[in-house]
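Here is the structure we will look at.
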Amino acid sequence: MKNTLSNKFREFLRRIKFSFSTKVVLVYTCLVFIPVALLFTYIISKTITRQRQELIDICSLYMQQNVDSIEQKIDTVNRMENMVFSDNELNLMLAMPENYTDSQIVDTTRRKASDFERMLTLEPFNAIRIFTPRTIIPERWPVILRFPRTNLPALKPWEFNYSAKYINDRRNEELSVCATREMLLGKRSIGYLQISYSMKTFFPFLYKRKSSYENDYVFTLGRSGSGSHFFSITNDSIKLIQQELGEKYINHLEKEYFRAANKEVIHCTVYKGKILIWQKSRELGTIFVHTCSTSVISKAVAGITVVLVLTLTFSAVLLFYLIKFTTEKMMRGVFSVIRGMRKVQLGELGVQISVEGDDEVGQAQKTFNKMTRQLQNQIAQIKKEQQLIAETELKAMQNQINAHFLFNVLETIRMQAVLADEDTIAQTIAVLGKMMHYCLRWRVHFVELSKEIEYIESYIYLLNLRNDYTITLETQVDEKFLHLNIPKMVLQPLVENAFYHAIEGEAKDSVIKVFTKEDGDILYLCVQDFGCGMEQAQKEAILEYLKKESAEEETTGHIGIKNIQQRLFMFYGDGYKIQIESEKGKGTLIKIPVPKGDLSV
């Protein structure tokens, strides 16, 4: 479905044909419009970034205020604990009530309970309770109580949503944050102290919302299943006010929490349309979270974006027509050149257009008129050249016919020698005919290695006929390479060089050796003579000559070897270079590299 729509859209674009002037107008409109659009986009982006940062700063400040408020309440609880723990009279009575008379115990209990009740009027505590295990000490409700009222050892240092249901008092039945501490005299346990705040007093921000897009949460860290997870501190009253934080946000907060190095500073993260501000309280072991939706930014930016888009659209349309009007006025001369080119396309090669002015457009009009005149002259010249080429091709065909005629004449002479029982003459003519037939097939660029060897064997045969000494051709080629395709005429020029430079001057029986040598994926075709050899300088001069890209300069000294190297480069690449090994007085070895893989003809 997607590919079909894409193909249809491309087809639609191909069908739309804009005039040259329209394309120019579009280009100039885009040159002006695109930077302005990019500028507006940058402004919107910076606005979003700035507003987001401002919102993060406000949320962080609000989080800091909440944390500071909680820390003040914790400090108040600690100061109250220190005051109780440092009350020697109370601690001694709780530790050793048997040392006191009944009236002293009652009097001390009454006074201490009254003191704590007065403190409740001064501090926003929900309750202050002292639990004693000694039955000799009377209970003074709701301040001094005995152990059996509640399971004190099971309570955590800080309990949330705690309810003292064992006390028939509306204030004590209210859900609270309860701090429970063991009272010690030396190392001896003498009781427990409980100080509690109402949940609404301790966490006021959980019971109110600043706006419809902001929420506050408090989490504790506990184990569940395979690891530690966040558990929300909430109750029915809080649920009515605060929107529940989704599981995906809680999971994200857990990852950020365990990744953070210092958890007791304010952290901020933006995730899926929400700004999440969080900080851990070391004293409570809780994590405070404040969330704010980025939709408030999106709404503000959306309004700005709509205004900017409408402004840009209107500006683009106005700019398009303004540039179009100006362009049409300025490009009348260009349009005249275009009309002239269309006439040339239709076959009116002699068309001339009027020249208006001497500016760039006028120069283009003059150039067009000059071009059409040159075009007519070139057409006439091409006609003459084509006629000359046709005559040349006819002469080349005649030469080819003459070569084939000579080959046929040789074959006739050979048959006459056979009829006259002149076997030597017949064989010589047959060898010469075979060589001519091999050379005439120049359109075939590759031959089997066996065919190339047959050709040089015929060449050596004819050399031995004309000389009074014998040249022996030794071939050592593995049978598996005889059908390998190689460039045509790469061995014969080397054999010819060996004859002219190593054998002809000596005029005595000699040997030319042709063999193959493997090196990885390369097969070297080797031609070796045992003549006078070369000096090092002469060898380096030949190798330097082979590196040049120019064609064969002359054949003296190295017949056809440059042509062989150029064909190797053309067929196989620059890595296939002829190698020469020679030593004065010991002969010369030339190695032609070809790939071992079969190259089809």
Q. So, K596 and E518, do they make that salt bridge, N to O below 4.0 Å?
A. yes
Q.
Between T108 and K112, is there a side-chain donor-acceptor contact under 3.5 Å, judged purely by atom types and distance?
A. no
(Q) Tell me whether R129 contacts the main-chain N or O of I144 through its side chain, where contact means a donor paired with an acceptor under 3.5 Å. (A) no
Q: Would you give the length of the straight line joining atom CG of L39 to atom CD1 of I43, rounded to the nearest 0.5 angstrom?
A: 4.0 Å
Q) Any donor and acceptor pair, going by atom type alone, linking the side chain of R146 with main-chain N or O of T135 inside 3.5 Å? A) yes
Q.
For the backbone of E71 and the side chain of D75, can you confirm whether one donor and one acceptor N or O come within less than 3.5 Å of each other?
A. no
Q) What's the spacing between Y524 OH and Q579 CD if we round to 0.5 Å? A) 4.0 Å
Q | Pairing of E159 and K156 as salt bridge, 4.0 angstrom limit | A | no
**Q.** Other residues, nucleotides, ligands: >12 heavy atoms within 6.0 Å of K200 NZ
**A.** no
Q. What closest approach, in Å, do T109 and P138 show between heavy atoms, and which atom pair accounts for it?
A. CG2-O, 3.8 Å
Q: Under the ring pair (Phe, Tyr, Trp, His ring centres under 6.0 Å) rule, what do Y192 and F147 come out as? Steps first, then yes or no, please.
A: CA-CA 9 Å; Y192 281 86; F147 271 21; 5.7 Å; yes
Q.
Could you measure the distance from the OG1 atom of T41 to the NZ atom of K46? Nearest 0.5 Å is fine.
A. 14.0 Å
Q | Quiz item: cation-pi between R181 and W158, 6.0 Å / 45° | A | yes
Q. Should the ring pair Y572 and Y576 be called parallel, tilted or perpendicular, given that the plane angle runs from 0 to 90° and is split at 30 and 60?
A. tilted
**Q.** Where V77 and I195 come nearest, the two heavy atoms and their spacing
**A.** O-CD1, 3.8 Å
Q.
Please determine whether a side-chain nitrogen of the Lys or Arg among D115 and R111 lies less than 4.0 Å from a carboxylate oxygen of the Asp or Glu.
A. no
Q. Is K187 reaching over with its side chain to a backbone N or O of L184, donor-acceptor style, under 3.5 angstrom?
A. no
Q. Does atom CD of E98 have more than 12 heavy-atom neighbours, drawn from other residues, nucleotides or ligands, at distances under 6.0 Å?
A. yes
**Q.** Donor-acceptor side-chain pairing of S211 and E214 below 3.5 angstrom
**A.** yes
**Q.** Atom of M93, atom of I137 and distance for their closest heavy-atom approach
**A.** O-CD1, 3.7 Å
Q.
Is it the case that the side chain of E254 and the backbone of F230 share a donor-acceptor pair, with hydrogens and angles ignored and the cut-off at 3.5 Å?
A. yes
Q: Could you tell me which residues satisfy salt bridge (charged side-chain N to carboxylate O under 4.0 Å, His left out) with R52, sequence neighbours excluded, listed by chain and number?
A: none
Q | Salt bridge flag under 4.0 Å for residues K280 and E264 | A | no
Q. Of T286, I70, I238, which meets side-chain contact (heavy atoms from CB on, under 4.5 Å) against V218?
A. T286
Q: Drop me the distance from F571's CZ to Q566's CD, to the nearest 0.5 angstrom.
A: 11.5 Å
Q: Would you please name every residue forming a side-chain contact (heavy atoms from CB on, under 4.5 Å) with S232, sequence neighbours left out?
A: F219, T234
Q | Over 12 non-hydrogen atoms of neighbours within 6.0 angstrom of CG in D236 | A | no
Q | Test of ring centre spacing under 6.0 Å for W278 and Y257 | A | yes
(Q) To check you understand the geometry: which heavy-atom pair defines the closest contact between Q279 and I266, and what is its length? (A) OE1-CG1, 3.0 Å
Q) Any chance CG of N262 has more than 12 other-residue heavy atoms, nucleotides or ligands included, within less than 6.0 Å? A) yes
Q. Is a side-chain N or O of H229 found less than 3.5 angstrom from the main chain of I250, in a donor-acceptor match?
A. no
Q.
Quick check: closest heavy atoms across Y271 and K248, and the distance to 0.1 Å?
A. CE2-O, 3.7 Å
Q. If every non-hydrogen atom of Y197 is compared with every non-hydrogen atom of S176, which pair is closest and at what distance?
A. O-CB, 2.8 Å
**Q.** Side-chain heavy atoms of M63 within contact of C59, under 4.5 Å
**A.** no
Q. Quick check: does any side chain N or O of N215 sit under 3.5 Å from a backbone N or O of Q243, one acting as donor and the other as acceptor?
A. yes
Q. So with a 6.0 Å cut-off around CG of D68, is the heavy-atom count from everything else above 12?
A. yes
Q | Under the side-chain contact (heavy atoms from CB on, under 4.5 Å) test, residues paired with T101 that sit two or more places apart | A | S103, Q104
